[in-house]
Amino acid sequence: MTPMDRYDTSQIEPKWQKAWDEADLFRAVRDERPKYYVLEMFPYPSGRIHIGHVRNYTMGDVIARYRSSCGFSVLHPMGWDAFGMPAENAAMASGGHPKDWTYSNIDTMRGQMKPLGLSIDWSREFATCDPEYYGQQQALFLDMLEAGLVYRKPAIVNWDPVDMTVLANEQVIDGKGWRSGAEVERRELVQWAFAISSMAEDLLDSLDRLEDWPEKVRLMQENWIGRSRGAQFSFEVETAPDGHGAIEVYTTRPDTIFGASFVGISPDHPLAKTLEAEDPDVASFCSRCRKLGTTAEAVEKAEKLGFDTGLRARLPGGFVEDLPVYIANFILMDYGTGAIFGCPAHDQRDHDFAVKYGLRIVEVMRPKGADRDDGIELPAILEAPFVPPKDELVEYIRPVAGPDQMTGQQAIDHAVSWFETVHRKSDNVDRQLGVGVTKYRLRDWGLSRQRYWGCPIPVVHCDTCGVVPEKKENLPIRLPDDVTFDVPGNPLDRHPTWRDVACPNCGAPAKRETDTMDTFVDSSWYFARFTAPRAETPTDLDDAAYWMNVDQYIGGIEHAILHLLYSRFFARAMVRTGHLPQGTEEPFDALFTQGMVTHPAYVTKGDKGQPVYHLPEDVDVSARKVAATGEAVDVIPAIKMSKSKKNVVDPMDIIARYGADTARWFVISDSPPERDFEWTPEGAEAVAKHLSRVHRLATDIARADRDANEHDAALEKATARAVHEVTEGIEGFGFNKAVAKLYEFTNAISKSDAGAEARRAAMRTLAQLMAPMTPHLAEEVWQMLDGEGFVMRAPWPKADPALLVDDTVTLPIQINGKKKAEIEVAKDADKATVEALVLDQPAVVKALDGGQPKKLIVVPGRIVNVVV
RNA sequence: GCGGGCGUGGUGGAACGGUAGACACAAGCGACUUAAAAUCGCUCGGGCUUGGCCCAUGCGGGUUCGACUCCCGCCGCCCGCACCA
């Protein structure tokens, strides 16, 4: 064997990467072809790429290269989601600067991505921490401010009283600051917010149009936006402090008002705050509630706690007994009015609460057909609440309005009308008790962050002029470089010269806003910036009109709600402020969410029983022992790769050992793309073997004596089927299935006894079909077999439909639904013919035992089922 | 806690409501070789009274001529929960 024959990736891959570069193949150009924009969620520059990145970008690259072969002008860009906390944490830990850390990480990761041979237009690359990017983001912010889409409002944050700094939710561990260990307090700050809830209705209704999004993502967004229809009304509180004579409540179950047994208000409710100031017991209860942290998760998981204020709430008209008013820790100030009434009989949380504080449990409805007994407290309802689905017909014992039997939804509708016009018999007047309202769970998006490494908010605070927007000609407002992280808190806040500026309006001394923007802002419009990454304005409308929308967006399911919702909001805001053309309000035509990459982890127990993880290379996997010590290890089959579990595989090692094509092929084979993918050393090894087998097969075929016989029926049929099925696999994001078909096709070529020309033709098609996945090997094979130009420039092959159908089909015969035999019939055999054949089958004759079949089901071309 | 998803051989997985296990990995056997590697070929869900029969798609029910697929209830794991990205 000469060196030329070997499948030497270290020679082949750089060679083709250089050739592609020199031909400038991946530059996205506007021309007469139809366009296709494929985008993978851009990475955070954490330091090194991991296999998850390889899988994500390989999927995008398969689509990009495939579409390019299909004649599209493809835009496939890459950038960096470069602002965020890790850079500041690194600066605090090792004294460097977030900027240096970030850009050096970007250099490293770009250097790691290039050997993968991705068809990316690198000329469009940017990082969100580039002043050229965030300056345009500041311009967007100013336009949104003018359009009324940004405003200031108070918001609650986690405050670390020792470090004197605001903490992110992930920095609060068990209610304590991660560095200081101090008990975290809630603090209210005035913050900037995007008016995303003003678009709630459109964001919800438009989900129906996103047909090429996963159903689960649309459902998650729908639930997140959370449209609810309910009633809003007031309880009167006679002995309340001044200004709190009424408690406004919102409920989605007004039909249960006659089962109310308490009124609950949030610890952050204005009434609670007033009482807190007067009563130390209330204050201590509220402060206890506030230690829970700010996440909804913490609040909902916590034990239900209440504090009886001693106040009594009265529903005007005297329809319900006066109720006690509790401050309760599970009521969120952000949702509805921050106050509710509790109906323990028909709500789990209210039930828990009532049991704990000995409140009445009054039944309103009952399963249909249950005994009608007017006992107020029945044993069953004391045990558990009755919470039927809203569309189930139930028996109302205490209907607010409407018939005795109705569904929950009908009862709610009746109850809403009742609240709007109650008729009181005693004085024979109609009065309005409340109103039917539609509310959304979606809250406005607080964007202020008390951190350095983010996009500065371009406003100035002036004593005389108030909040003054920066002038656009002053943008970008750059982050100062001369900052230190030796003390906690935001360095901008204590910067000697950056903070103090002249008011853009009156020129008097003023202070710059020192908060920066949430990094979700950066990632909410980068897809638009890629269409004109060097424009002097946020976007170029011509370029945006040509390239938008993103035809295929690919990323992790963890972004199903926030990132995608914020991007949908931003697209709308950009259309409204003239930065995107009409029709781009939904910026992502198709969305695909890929699974994680997992790897086995190897663990032993330390001397204190704590888990000790071992690197795969230190473990003798087949013997399940630590190689050096012989200690037995437990194998955890497949968990998410993480450094702490020592189960991380470095893509660079894989490329060095097997080449990029092996890494690319392996990450999309075997597992369906939407599911988690398990990296195994055996799997990678097997792929490398297969690819070198393809290379060897191509070499052999290229060498074979040429003959004139170009046609081979069997091979042509196999080729047509491969073209058809691989194309279908790629189009439907079934890369694992496409790969399986490529294995089959390779086997078919390898086993074929067809002439050299016929095999050359089949092999060229194989190269084309493999090109999106293993582009370097495909180019090499294509060249060996005299393919013209680059394989990725060759038009995608088409299957001859005539070769895809067989003349006969094999029909399985089931008896009572289980397969017992099969028959071979003509493709278009009629029912009578098939029936006759079936009844002749020995297995059928035996099963019938001389009798007649009860039923004979013939599904033409598919199956026969004999029911005996 | 709430919302969403997933669960099929020893392993990853395939299967318009229609032959469960395609295609691979691992394992075993064989060929080639002085030998090994590489390569090629064969076997490979479990059980049994093995020319055949029975049981099998997390568990328990249901719909259907027929269910991995649809419906209901559990169990386990994963994602998100608004300041991680």
Side-chain angles (χ1 to χ4, degrees), chain A residues 41 43-44 46 81 83-86 155 157-158 166-172 191 196 214-224 226 294-302 304 330 334 348-349 352 441-451 518-520 522-523 556-563 565-566 593 595-596 598 622 637-640 669-672 674-678 680 682-683 685-687 689-690 692-693 696 734 736-737 739-744 747 750 810-822 853-857 859 862-868:
Chain A
M41 290 179 186
Y44 179 78
S46 55
D81 189 13
F83 276 134
M85 291 200 306
V157 296
N158 300 305
V166 176
L167 298 178
N169 284 334
E170 71 159 10
Q171 296 174 318
V172 180
Q191 310 233 356
I196 187 171
E215 184 60 36
K216 61 178 169 184
V217 174
R218 290 191 281 166
L219 237 185
M220 282 189 259
Q221 293 223 348
E222 187 181 319
N223 291 335
W224 184 262
T294 57
T295 70
E297 186 187 359
V299 170
E300 284 173 30
K301 270 188 184 165
K304 316 269 171 296
F330 60 89
D334 292 316
Q348 184 67 55
R349 282 191 306 195
D352 295 348
R441 207 184 71 101
L442 179 66
R443 311 197 295 254
D444 279 340
W445 167 16
L447 70 108
S448 298
R449 297 292 180 270
Q450 295 70 42
R451 275 183 254 288
D518 179 5
T519 57
F520 269 123
D522 312 334
S523 56
I557 186 67
E558 67 272 20
H559 295 294
I561 297 176
L562 293 179
H563 162 62
L565 190 62
Y566 291 159
T593 54
M596 294 179 309
T598 64
S622 52
I639 51 173
K640 189 176 180 173
S669 64
D670 287 357
S671 290
E674 68 277 14
R675 239 192 272 178
D676 287 354
F677 166 77
E678 187 185 355
T680 60
E682 298 81 19
E685 177 80 32
V687 168
K689 278 184 194 169
H690 175 73
S692 74
R693 182 169 160 241
R696 195 167 56 242
N736 55 323
K737 288 180 252 175
V739 164
K741 298 305 168 192
L742 287 168
Y743 274 112
E744 276 178 16
N747 291 339
S750 165
T810 305
L811 279 190
I813 298 168
Q814 295 180 329
I815 293 169
N816 292 336
K818 295 199 170 177
K819 187 202 156 194
K820 295 290 173 181
E822 50 185 40
K854 212 188 248 176
K855 215 169 181 182
L856 189 59
I857 293 150
V859 185
R862 294 226 60 106
I863 204 162
V864 180
N865 193 7
V866 187
V867 185
V868 298

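We name chains A, B, ... by the order of the sequence lines, and we start the count at 1 in each one.
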Engineer: The side chain of A:Arg862 lies closest to which of these nucleotides: B:A38, B:C83, B:G18?
Structural biologist: B:G18
Engineer: Across all strands, who's sitting opposite B:A22 as a Watson-Crick or G-U wobble pair, both distances under 3.5 Å?
Structural biologist: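 Its partner: none found.
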Engineer: If you assign A:His559 and A:Leu442 each to the RNA chain B nucleotide with the nearest heavy atom, which residue ends up on the more 5' nucleotide?
Structural biologist: A:Leu442
Engineer: Looking only at atom C1', what distance separates B:C6 and B:U50, rounded to whole Å?
Structural biologist: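 Result for the C1' pair: 38 Å, nearest Å.
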Engineer: Under a 3.5 Å cut-off for both distances, is B:G1 Watson-Crick or wobble paired, and to whom?
Structural biologist: B:C81
Engineer: Using a 4.0 Å heavy-atom cut-off, does A:Asn747 contact any base of the nucleic acid, only the sugar-phosphate backbone, or nothing at all?
Structural biologist: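 Answer is sugar-phosphate: A:Asn747 comes under 4.0 Å of backbone atoms only.
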Engineer: Need to verify one output field. Residue with the more 5' nearest nucleotide on RNA chain B, A:Arg443 or A:Pro812?
Structural biologist: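 With A:Arg443 and A:Pro812 compared, the 5'-side residue is A:Pro812.
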Engineer: With both distances kept under 3.5 Å, what pairs with B:U49, Watson-Crick or G-U wobble?
Structural biologist: none
Engineer: Please report the distance, rounded to the nearest Å, between CG in A:Asp670 and C1' in B:C23.
Structural biologist: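 Rounded to the whole Å, the gap is 8 Å.
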Engineer: B:G9: syn or anti, with syn meaning chi within 90° of zero?
Structural biologist: syn
Engineer: Under a 3.5 Å cut-off for both contacts, is B:G30 paired Watson-Crick or G-U wobble with anything, and if yes, with which nucleotide?
Structural biologist: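 Paired with B:C40.
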Engineer: From B:G80, B:C40, B:G18, pick the nucleotide closest to the side chain of A:Arg696?
Structural biologist: B:C40
Engineer: Provide the distance between the two P atoms, one in B:A38 and one in B:G21, to the nearest whole Å.
Structural biologist: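 Roughly 31 Å separates the two P atoms.
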Engineer: In whole Å, what separates the C1' atom of B:C23 from that of B:C32?
Structural biologist: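 It works out to 27 Å between them.
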Engineer: What does the B/S/- profile of nucleotides 3-11 of chain B look like, 5' to 3', with a 4.0 Å heavy-atom cutoff to protein?
Structural biologist: SSS-S----
